[in-house]
Protein chains: 2
Amino acid sequence: MVSITNAAPRASARTRGNSRGEGTRAKLLDAALQAFASHGFHGTATRDIAAAAHMSPAAVYVHYRTKEDLLFELSLRGHLAAQEVVEAAATSASSPDVQLRAIARDHTTWHARYNTLARVVQYEMAALAPEHAKQVASIRRAIETRVRDIISTGTSSGLFRVPNPSMAALAVLSLGIDVARWYREGRGWSAQDIGDQYAELALRLVGYQN
Amino acid sequence: MVSITNAAPRASARTRGNSRGEGTRAKLLDAALQAFASHGFHGTATRDIAAAAHMSPAAVYVHYRTKEDLLFELSLRGHLAAQEVVEAAATSASSPDVQLRAIARDHTTWHARYNTLARVVQYEMAALAPEHAKQVASIRRAIETRVRDIISTGTSSGLFRVPNPSMAALAVLSLGIDVARWYREGRGWSAQDIGDQYAELALRLVGYQN
DNA sequence: GTCTATAGTTCGATAGAC
DNA sequence: GTCTATCGAACTATAGAC
C-alpha cells in the first residue's frame, strides 16, 4: 500500500505518546488520498473516506475540522516532499549537469512512485482555501526557482545551451509532473526506469553535450 | 471569450436551420467549459452552468440529458480537435524532423490557446461514463501512436537518436499537455512563443542534429 | 474517541403551466 | 423551449449518548 507516511517521512516522528491516535490520522489521510486521487476532492464524500478508514462518518471530524483540512494536509505534505527531493538532488553535487541530472531523475521518479499523491497535489489546488493555496504556491515557486537557477548557472558557464532558462526549467519540471498523469504501478516501465531515462531527456533539453 | 465553437470548428456547420437552438447549446457548452475548468466536474452545479448561460436550472435538461452529457461533448470535441491538430501537422510534411517540429509546435500552442478546454479534457476523464471514457481513450491512443510512429521512422533512418521511441513520444506529448496546467492568457509568453520554443525542445529530446 | 442519529443545505433532475 | 416550483437523494458537519 502506498502510504502518505511513506511519501512524506518528515511528518512521521512525533513527540506525543499516543501512537494509536496518530495511526488513526494516518489511516484517514491514506483513505482521503486514494479517494481524492480517484474521484477528485469534490467527487469524494467524507462518508467514503470514513468507510475506507473503517470509521463512522462522524469520527472524521474528531481528527480533522473540515474535508478541506484533509486536502490541505495532503497537499502540504506532498509539496514539501517534492521540494525535499529536488533540494536533496541539488545539494548532492556542485556541477550544474550533475545537479540537473539528479533533479530530473529524482523528481520524475517521485512523481511516478507517488503518482496518487502527486495527482492530488497537482490537480486539486483549486479546491484549497485561499490561505492554504498561498502556502503551497510559495513552495511551488521555490522549486521552480531552484531549478531555474541551476540551469542559468550552467548556461552562463557554457555547460548548457539554453535560449530561455525559465522556459527550460518549466519544461524539465513539466516532464516529471506529467508522469503522474499517466503512470500506474505495475504497467510498463518502472518508476526508476522512467526517472533514469527522463534525466537524459532533461540534459538533452538544456543542450548538454556529453 | 474562448468559445468551444472556436476550439472545435468541425462542429460549427449545421444542416438544421434553427440557429437559435444551436446558439443555446453553444452557450451551455461554453458555460460548462468555464465552470468545469475552474472548479472541476464534481465541483460544478448545473444551476451555475444554467445561470452563466442566462437560463433557468430546468432549461439545461431540454438540451442535455445529464450533466455528464455536457462533459462528454466537451471532452469529445476537445480530443477530436487535438487529434486534428496533430494529424494536420503530421500530414503537412514527409520528413520526420519537419513533421515532429510541426506536431510539437501546434500541439503545444493548442494546449496553451485552449488551456481551459485542455484541462477539462486532461483532468476530468475519470468523471466520464465508462462507455464515453472508452471513446475518448481510443482517440488518445491514436494520437500517441501517430507521434510514436514518426519518431520511430526518424530513428530508423538515423535522423533521430532515441533509445526508446515510445517514451520519447510520451515525453513530447507531455510537454505540450502540461502547458495547459500552468499557462494563462496574457501572462508571460504568448501561446505561439511557447509552441515555437517547445518545438525546438522536442527536436532536442529526440536527438536531432540541426 | 467512537458511535447513532440527524440537522441543515445543496445537489441532479423532473413536473407541469405557458 | 422557457419558466417556477419542487422532489428525493446526497452532502458536510454537528448533537449527544456511551
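In this text, all values refer to a predicted model and were calculated from it rather than measured experimentally. Below, chain A is the first sequence line, B the second, and so on; all start at residue 1. Heavy-atom basis, side chains included; hydrogens, waters and symmetry copies ignored.
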Q. How long is the line joining CZ of B:Arg47 and P of C:dG12, in whole Å?
A. 7 Å

(Q) Counting only side-chain heavy atoms from C-beta out, which of C:dT2, C:dT4, C:dC11 sits nearest to B:Ala45? (A) C:dC11

**Q.** Euclidean distance, atom CG of residue B:Leu71 to atom P of C:dG12 [Å, nearest integer]
**A.** 13 Å

Q: Could you tell me whether A:His39 atom NE2 has more than 12 heavy atoms of other residues or ligands within 6.0 Å of it?
A: no

Q. Can you tell which of C:dA13, C:dT4, D:dT2 lies closest to the side chain of B:Met55?
A. D:dT2

Q.
OP1 or OP2 of C:dT2 versus the side-chain N and O atoms of A:His54: is any pair under 4.0 Å?
A. no

Q | Selection from C:dG12, D:dG1, C:dG1 that lies nearest to any side-chain heavy atom of A:His63 | A | C:dG1

Q. Is the shortest side-chain N/O distance from A:Thr24 to OP1 or OP2 of C:dT2 below 4.0 Å?
A. yes

Q) Under 4.0 Å: is that the gap between some side-chain N or O of B:Ser56 and OP1 or OP2 of D:dT4? A) no

Q. Counting any heavy atom closer than 4.0 Å, what does A:Ala59 reach on the DNA or RNA strands: base, sugar-phosphate only, or nothing?
A. sugar-phosphate

Q | Atom-to-atom span, CD1 of A:Ile49 to P of D:dC11 - whole angstrom | A | 11 Å

Q: Give the rounded distance in Å between these two atoms: CG of B:Leu70 and C1' of C:dA13.
A: 13 Å

Q. Reckon A:His42 has a side-chain N or O less than 4.0 Å from the OP1 or OP2 of D:dC11?
A. no

Q. Among the nucleotides D:dT2, C:dG12, D:dC11, which one has an atom lying closest to any side-chain atom of B:Lys67?
A. C:dG12

(Q) At less than 4.0 Å, is any side-chain N or O atom of B:Tyr61 found next to OP1 or OP2 of C:dT14? Yes or no. (A) no

Q. Do the rings of B:Trp189 and B:Trp182 sit parallel, tilted or perpendicular, given the 30° and 60° boundaries?
A. perpendicular

Q) How long is the gap from NE2 on A:His107 to CD1 on A:Ile103, to the nearest 0.5 Å? A) 9.5 Å

Q. Would you say the side-chain atoms of A:Arg105 pair up with the backbone N or O of A:Asp196, donor to acceptor, closer than 3.5 Å?
A. no

Q: Evaluate whether atom CZ of B:Arg187 has more than 12 neighbouring non-hydrogen atoms of other residues, nucleotides or ligands under 6.0 angstrom away.
A: no

Q: Using whole Å, report how far CG of B:Asp69 lies from C1' of C:dA13.
A: 13 Å

